[in-house]
Amino acid sequence: PLVLTRRLAVPAGGVGGQVVGALCGAVNGLLVAYIGFPALIATLATYYAYSSLALISNDNAPISTRPLQDLNSITHSVQLGGLAVPRQVFTFLLPVGAVLGALLAAGPDAAWHARLLLVHEATNVLGFVGLTVAGTVLTLWPTILRTRMPEGSARVSTAALPVLTGGLVLTGTAALAGSPMLAAAGLVVYAAGLGAVVAVMARAGARARPSDYAGWSVAAGVLWWAATVVAAVLVVGLRGFDAAALGQLTVPFVAGFLV
């Protein structure tokens, strides 16, 4: 019986994997075809969701290393200095983004489309992904560089989360209220919080420069993220809620920062 069980394990696992993969693909198709999510964003969002579910179902067994487990699993807390924030807090932003995507797909008028687009991108990219990355990278970065975080970094990084969150709330609220200047101000606040994270990373990088692909790719992604936030400030501040201009920020955010 034991030999038979072992022989059946591989084909059964293969069939089960195909079934689960088909169901996961169906969810992706539903998000794109019926809710109106952009295909790339839907793929990235479900990738992180499925990865986290896989880890949970396997009792957080290693993917490869502990930092990668922490990066992918929603069961771990994000460490911002001495502040441990449950990752589920950030995960709640995803259904909010899904609702906003559904509202965009419903075809609102031009003015509301631009405002909802800004809130949608802020919630999904700067919120769901950005807040998680901001906390995770502060733990992952010194591990990649094989060094310690500089003194005083814990205090700065702990203060970054409420600043980033406050900037997001102000941006979203101002966009829904129709105030481009306040929305731009919210993005400035968010940029300030992100600047604190970048400063901490730069101080660690001054101690030990990146020497491999992992280090340089993380550094490049964070710098691209910061540059795109600055571009968003300029777009909203100078052009207001311009759907065409805001839509052009989607590719830099997704291709440069997320990918």
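- In this structure, CG on Leu182 lies 9.5 Å from OG1 on Thr171, to the nearest 0.5 angstrom.
- For His113 and Asp109, the side-chain atoms include no donor-acceptor pair closer than 3.5 Å.
- Rounding to the nearest 0.5 Å places CZ of Arg239 at 11.5 Å from CG of Leu234.
- Phe241 and Trp112 fall within the same hydrophobic cluster, where Ile, Leu, Val, Met, Phe, Trp and Tyr residues are linked whenever their side-chain heavy atoms come under 4.5 Å apart, directly or through other members.
- In this structure, Val189 is not a member of the same hydrophobic cluster as Val235, with clusters built from ILVMFWY side-chain heavy atoms closer than 4.5 Å.
- Val119 is listed as a side-chain neighbour of Thr123, based on a closest heavy-atom distance under 4.5 Å.
- Here the closest non-hydrogen pair linking Leu164 and Gly193 is CD2-C, 3.8 Å.
- Residues Val222 and Val197 have side chains not in contact (no heavy-atom distance under 4.5 Å, counting atoms from C-beta outward).
- Partners of Arg207 according to the side-chain hydrogen bond (donor to acceptor under 3.5 Å, both in side chains) rule, which considers only residues two or more places apart in sequence or in another chain, do not exist here.
- Linking Ile, Leu, Val, Met, Phe, Trp and Tyr whenever their side-chain heavy atoms come within less than 4.5 Å puts Leu249 and Val188 in one cluster.
- Here the closest non-hydrogen pair linking Ala175 and Ala183 is N-CB, 4.3 Å.
- Criterion: ILVMFWY side-chain heavy atoms under 4.5 Å apart, direct or through other members. Under it, Val218 and Trp225 are part of a common hydrophobic cluster.
- For the pair Ile144/Pro210, no side-chain contact is recorded, criterion being any heavy-atom separation below 4.5 Å from C-beta on.
- Listed here is the closest heavy atom pair of Pro180 and Gly240: CB-CA, 3.7 Å.
- Between the side chain of Tyr190 and the backbone N or O of Val163, no donor-acceptor pair lies under 3.5 Å.
- Between Leu126 and Leu194, every side-chain heavy-atom pair lies at or beyond the 4.5 Å cut-off.
- Atoms CG and CG, on Leu145 and Asp212 in that order, are 8.5 Å from each other to the nearest 0.5 Å.
- Note: the hydrophobic cluster containing Leu187 also contains Leu176 (ILVMFWY, side chain heavy atoms under 4.5 Å, direct or indirect links).
- Arg148 is linked by a salt bridge (Lys or Arg N to Asp or Glu O under 4.0 Å) to nothing, counting only residues two or more places apart in sequence or in another chain.
- The shortest heavy-atom contact between Met201 and Trp141 is O-NE1, 3.0 Å.
- Taking OG from Ser179 and CG from Leu170, the interatomic distance works out to 8.5 Å, rounded to the nearest 0.5 Å.
- Here the straight-line distance linking atom CG of Leu161 with atom CG of Leu131 works out to 6.5 Å at 0.5 Å rounding.
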